[in-house]
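Report on the structure given below.
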There are 4 protein chains.
Amino acid sequence: MKINYEFGSDNHSGVHPDIMKAIESVNVGYSVAYGDDEYTTSAVKKFKEHFGKDIDVYFVGNGTAANILGLKSVTNSFNSIFCAETAHMNVHECCGPEKFTGCKLTVIPTLDGKLTVDLIKPYLIGFGDPHMAQPKVISITQATECGTVYLKEEIKDISDFAHRNKMLLHMDGARLCNAAVGLNVDLAAITRDAGVDVLSFGGTKNGMMFGDAVIFFDKDLSKNFEFIRKQGMHLTSKMRYISAQFEALLSNDLWLKNAKHANEMAQILFNEVINISGINITQKVQVNAVFASLPKEIIKKIQKKYGFHVFNEQNSEVRWMCSFNTSKKDVMDFVEAIKEAFIK
Amino acid sequence: MKINYEFGSDNHSGVHPDIMKAIESVNVGYSVAYGDDEYTTSAVKKFKEHFGKDIDVYFVGNGTAANILGLKSVTNSFNSIFCAETAHMNVHECCGPEKFTGCKLTVIPTLDGKLTVDLIKPYLIGFGDPHMAQPKVISITQATECGTVYLKEEIKDISDFAHRNKMLLHMDGARLCNAAVGLNVDLAAITRDAGVDVLSFGGTKNGMMFGDAVIFFDKDLSKNFEFIRKQGMHLTSKMRYISAQFEALLSNDLWLKNAKHANEMAQILFNEVINISGINITQKVQVNAVFASLPKEIIKKIQKKYGFHVFNEQNSEVRWMCSFNTSKKDVMDFVEAIKEAFIK
Amino acid sequence: MKINYEFGSDNHSGVHPDIMKAIESVNVGYSVAYGDDEYTTSAVKKFKEHFGKDIDVYFVGNGTAANILGLKSVTNSFNSIFCAETAHMNVHECCGPEKFTGCKLTVIPTLDGKLTVDLIKPYLIGFGDPHMAQPKVISITQATECGTVYLKEEIKDISDFAHRNKMLLHMDGARLCNAAVGLNVDLAAITRDAGVDVLSFGGTKNGMMFGDAVIFFDKDLSKNFEFIRKQGMHLTSKMRYISAQFEALLSNDLWLKNAKHANEMAQILFNEVINISGINITQKVQVNAVFASLPKEIIKKIQKKYGFHVFNEQNSEVRWMCSFNTSKKDVMDFVEAIKEAFIK
Amino acid sequence: MKINYEFGSDNHSGVHPDIMKAIESVNVGYSVAYGDDEYTTSAVKKFKEHFGKDIDVYFVGNGTAANILGLKSVTNSFNSIFCAETAHMNVHECCGPEKFTGCKLTVIPTLDGKLTVDLIKPYLIGFGDPHMAQPKVISITQATECGTVYLKEEIKDISDFAHRNKMLLHMDGARLCNAAVGLNVDLAAITRDAGVDVLSFGGTKNGMMFGDAVIFFDKDLSKNFEFIRKQGMHLTSKMRYISAQFEALLSNDLWLKNAKHANEMAQILFNEVINISGINITQKVQVNAVFASLPKEIIKKIQKKYGFHVFNEQNSEVRWMCSFNTSKKDVMDFVEAIKEAFIK
């Protein structure tokens, strides 16, 4: 039987039609490679409309690269980077951050994927002691890997704390659009305005084919990025095909519409499953993911029809994700399958 | 005035219509991310048709990544990698190979971009001496960065030499298709059959949008590649869009037709400029590039209309490249512009 | 007033007279550099007497190098290394392990610096998943950075667990001699016989001037070490002066006598301070260190006379260490100073 | 038969008695580890007497570490470091510079181990081009690995050239004392006064047991060095034993006397062998080494009695080195053995 992957991850979805159209539309004639083309110039302008004039923006191939290369640009090899234990860069980048930056990841346990100043403080030691990795960056993920979001004020607290300690705030924004929609704010509000210094802005989980952006809100921080990007194997030759995607995503509120739809589908899913006896919702549903724990044997039954990720084997917690092209019918079919698993 | 980029590089061209169509055709429904999808399985099969059954193939984002990650898979940090002074990995990868592998590039001067056993031999020292980087890989580019090609026998000589010395042969095949067409052989003849161990197979310069393949002809060499690819920031989530491109490129002789056309256009260009007094052809025209030296002031004049690369400032040598969608008219217009530059 | 450093660290002490004599005794004539000398051959033999015939031993400059280079020899860049949160390699090697190996340190909180299988198990995830660092090494410190020791059986439990999971057991033995003395066993009992695969054997904290040894109990693991040591900047030219020290340390039970003395002095100190009201002993005193928490203002008073390390600012915990040349009078003077601090 | 190693390398010699005495003299009581001790403070002062007040000096374990860690302090991972093909850092550091800095070594062939501005110029390309490693450091060795020396003016030419191009001048001074003596100048004349920015100052080849110094002539360049040294595994705990050696070497002209003697012995050797038919002196004898080519079978005969290094297999060139404790009788015995090899 064919397995369905609608709820496995938001990157199991395809490319949004408007973005595909944008790709096709730039497929004419010759363009200088490596980003010195008009499409890239235009896409960068579009970013400045959303994030402010004084930013530097660079495109790379994917989110892992955006994280690692952004961090490399602002660290020395003897620094430490603080992140939540659940952070993508800690769990799912195969120690690429350590390998490429040389830095230590200082990993902080959380309940919901969210760092706070109180959680961070005990780890803030060793400044000036040559025996110890020097704290330099705090990295948060918005929305988090647990499907939760930071309020603007929560981000501001962390960035103020970082800056008081001569550290920087990095944000992994693989699902930034979902967070902004969830909070009903614009993209700058929870990045630039909240004191973020370096941002990975992801598009793939929100309808793009490939490509991520690294945004520096302080131009001093980006001065080496072009070299680091090339050395880091992420200077794309036919850049126009990334640029066109971002242009489309950031135009006509497409970023917002896609994220809004995904979030809404997760709400529907949440509302349907919350009352199923045997399912325990483990995280707030603030964006496009539902986290739930349910009996192992039930999980196995559902997985015969639907592929999805067991987030935590120990407490039998699963992650169900919605995307821009999840339909209400998809959700209801999935709920049906879940219910069936409990019955049979 | 608008600058024309037809002859700047083969990656200034766009995406071939058949490849664009292939991309669109897989944009349906959901697929598991990261390569566990049917399109990738199918594309890998296609590679096996061309390169042999016993290979391992992995897709990455671009050619620099293919080179560096392929080399990382077969080296220890204390090894040395031999390459021509003109090699892309030496000149144009911003010391990414050194950074990511830790290895020394042992750089060998050549006249035409081609290594030979005689050129390599004097550098083959230090085996077993812990003070010295341990020779492990010889890397050649086919076609070379100078637009020349290795004959099958020439490759075989080098691979035999490498293997006798317990070294491996790596090939940067960013323009392998052009070389195969230039030599009128199939893709396996100058790779697998000639003793190549690891191959970067490029598609972008031959009509693809993005994506490169790393092919291991000995499966023992690839056992760590999946981890190295992820750590190396090149595990693409929506892999199907790379796979579909390779499927198209390797079907219906598209790889061959595109390369053949590009090579033919270079021949026409060569035939036209060889008789222009003041132009000195500096390399054999064996694939899709013409290398020529001409007076600096003439270069400057031409560059007002056409963007292209000065390959070597010292001898005033330029590189003119053709691609799958260079037209005969493009060539004749360019020749016209060159001639004009000499007159005015 | 002059500050006293007797209890600051066991490496604040000087060089034991027998070791100094050994250094002087080899200062005759010429010896081939880099370890191909008779003194090194002899010292290696001495190691084999203690640790078994089938080992490989290499000398490096210090303990941090022994740890990092030993680990590099047995890992790939995409591996993870498990260690206690208090491990020297996590806290006091300035992320050198991450930088030089590329690996992630998977850091496990403990109460007493000691890992157990139960503590490790929850972190043992991700085998075969390319997104995740691949678990490869468990590293324990004997004696621990908290002054506690692993019983032979406790080590065996961990090594069995490691080997069942195709992992290796690394031991940081900066104070291995103190541990062996504390347990009243020989050096092989808690290393080779307990399933340790790679050992850093330190001498500096037990009376040597400089130098550490990396011991591989499985020769397959050491095949690249000589290259890694040189690339890692730790191939000493005048090796005989390290070798002579180890020869002396491992002869006539000097390693044992020195460690025994240091441990005994710590017991005396412990017995003296345990009854001082306001001092809380925080760790078992099993080797040459006393860990205690006491009021911050008392610490400050004592530190006007004696330099020592505040191990944990949060719970006001200090570390007092004894060494081979701590005298009983030193201890009593120190106790006096502590008592005075409470009174005045 | 016992092989003699008097002429194998200047690090085959032992430790000068005055330096041994200095080591013994600091072996009293307790000192804070890691360099915060009075002996280190005093040794640093001594360095300032020789090299100027505004320097920063740090001690590391050996010359390879001094080179690599000094270079790491002043480079980013995407830089290139220019050096002669014969440079120790290129030939005999097992690609440690590449591994630890990430940089490319741009290797320049020379006839005598000496770089010149004219030799360097053709390699100075790519500034600002993200595809290319960014030139940052020129490294020269004084005296060179070929036994030749740079005049002060020659160094000045290179440093001026470096600074005009926003690059830095690094000097590997493993045999700086021999060079200064050979040129009859003080140590500052051919370092600080000649525009050197970072210097590795070696003592081992001139009578020390272990230890090297990294000197920064611009304090801005050293701001990260303490972290890089620790991360780079070269923060020695019992630092006083390195400091005492440097104190002795830089006092009472010991550095000068030792180097002078070694140079004189090389002159005697040179004068003796120059007239032996069949021996061709291949480099100027300006310090403590004689380079000569002679028939392979003669080399083999001599090597039955004397161990020494074949510098270049291809032209059958050997290196004979003298040290501070080479005696005139040693030289004459060696000459006798050479002559015999030709006769028998």
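Atom set for the values below is all heavy atoms of this structure, side chains included, hydrogens, waters and symmetry mates excluded. Naming convention: chains lettered A, B, ... in sequence-line order (proteins, then strands); numbering from 1 in each chain.
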Rounded distance (nearest 0.5 Å) linking atom NZ of C:K223 with atom CG of B:N76: 8.0 Å
C:D54 atom CG, neighbour heavy-atom count above 12 within 6.0 Å: no
Heavy-atom proximity to chain C below 4.5 Å, by part of B:N224: both
Closest non-hydrogen atom pair, B:Q231 against C:G102: NE2-O, 3.7 Å
Over 12 non-hydrogen atoms of neighbours within 6.0 angstrom of NZ in C:K219: yes
From CD (B:E226) to CD (C:Q134), nearest 0.5 Å: 10.0 Å
Ring geometry between B:F78 and C:F227 (parallel below 30°, tilted from 30 to 60°, perpendicular above 60°): parallel
